[in-house]
Amino acid sequence: MGVPIGELVSKKELELENLNGRKVAIDAFNAIYQFLSTIRQRDGTPLMDSKGRITSHLSGLFYRTINLTEAGIKPVYVFDGKPPEFKKKELEKRAEAREEAREKWELALARGDLEEAKKYAQRASKVNELLIEDAKKLLELMGIPWVQAPSEGEAQAAYMASKGDVWASASQDYDSLLFGTPKLVRNLTITGRRKLPGKDVYIEVKPELILLEDVLNGLKLTREKLIELAILVGTDYNPGGIKGLGPKKALEIVRHSKDPLLKYQKTSDVDLYAIKEFFLNPPVTNEYKLEWKMPDEEGVLRFLCDEHDFSEERVKNGLERLKKAIKAGKQFTLDAWFKK
DNA sequence: GCGTGTCA
DNA sequence: TGACACGCC
């Protein structure tokens, strides 16, 4: 998933306090997928209400949004629209991988191997339309803005960041760099512990900031060349990339060739130039309003507790934290204003 | 992933 | 106060 250019990218470690007072455009699909795959019981079953509807993503969204607000961050979630036609192959690949994982999940469960079961259950995670609708509804009730992208959410987030409507985009994937975000935040979480695959070892995961300018300067590339590099090593639109080309070789090629795609286009069954054009000029919209409001407390309680069986005590507690954080944030903004 | 209770 | 185990729905 996403472009495999992590090893070429220069990162700065970030304290959450550094984001105080900043607006951040979060890739909603990316966040929801993470919640859905990680918030699970020991056997891999996601959290569900009494009617069997998945609630893992609601739990994740609710508490993370409160945490970000407490850190003085103003989040806006950006949802995917219609994927481009040439993403079909990648989406089919993911569907196959999910199906395979689902079968292995069942087999592991039958053997009573819980650890394996959970691993495959996570890989079988599927973000469907109902999860998206519920997520949007929760955000609205919480007073948090969300934006409907016409196409890729990463592209819309990058557009909003490059216009200066938000300070940065946030995602685990690097794609928004290709779409031109000046700043990308990864690992935008509070509790920075992540389990290493396989072993029972946890590592500290801190938020990190990636500046497009640093990446381009470090690699001595233009954004157009970075896009060509990504296409050679593989994107969601041409999974796998060019056979036999890794990041290092690809970097040399794009540095020394005026039109690196030309040679590989001849033997490729996808339109590499169309992909490049898509990264350079993706469909985006100006139709959004970024307003952070006080939460509709009754609405949140009805939605999470009455409809989805969340603990009233926990949700009320969360709402108190959210209200307090919003007021503190307003105070901060006014203080900063009067100090000027 | 995250909150909460427990133990030092 | 911080690390950890457990349950959340």
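Chain naming here is simple, since letters A, B, ... match the order of the sequence lines and numbering starts at 1 in each. Side chains are part of it too, since the values below use all heavy atoms of this structure and drop only hydrogens, waters and symmetry mates.
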Listed by chain and number, what are the ring pair (Phe, Tyr, Trp, His ring centres under 6.0 Å) partners of A:Trp105, not counting sequence neighbours?
none
Run the side-chain contact (heavy atoms from CB on, under 4.5 Å) test against A:Glu277 and tell me which residues pass, sequence neighbours left out.
A:Asn281
For the pair made of [atom1] in [X] and [atom2] in [N], what is the distance, rounded to whole Å?
| X | N | atom1 | atom2 | value |
| --- | --- | --- | --- | --- |
| A:Gln41 | B:dG1 | CD | P | 17 Å |
| A:Arg42 | B:dG1 | CZ | C1' | 17 Å |
| A:Lys206 | B:dG1 | NZ | C1' | 19 Å |
| A:Lys118 | C:dC6 | NZ | C1' | 11 Å |
| A:Ile66 | C:dC8 | CD1 | C1' | 14 Å |
| A:Gln34 | B:dC2 | CD | C1' | 13 Å |
| A:Leu16 | B:dC2 | CG | P | 10 Å |
| A:Leu58 | B:dC2 | CG | P | 15 Å |

Residues 16-52 of chain A vs ring pair (Phe, Tyr, Trp, His ring centres under 6.0 Å), sequence neighbours excluded, gives none
Scan residues 223-242 of chain A for pairs that pass ring pair (Phe, Tyr, Trp, His ring centres under 6.0 Å), counting only residues two or more places apart or in two chains.
A:Phe86-A:Tyr237, A:Tyr237-A:Phe278, A:Tyr237-A:Phe279
Can a side chain N or O of A:Arg321 be found less than 4.0 Å away from OP1 or OP2 on B:dG3?
yes
B:dC2 phosphate, OP1 or OP2: any side-chain N/O from A:Arg64 under 4.0 angstrom?
yes
Strictly below 4.0 Å, heavy-atom distances to any atom of DNA chain B: list the hits from residues 298-317 of chain A, or just say none.
A:Arg314, A:Asn317
Under a 3.5 Å threshold, yes or no: a donor from one side chain and an acceptor from the other, between A:Asp309 and A:Ser50?
yes
Pair listing, salt bridge (Lys or Arg N to Asp or Glu O under 4.0 Å) test, anchored in residues 280-298 of chain A, at least two apart
A:Glu297-A:Lys323
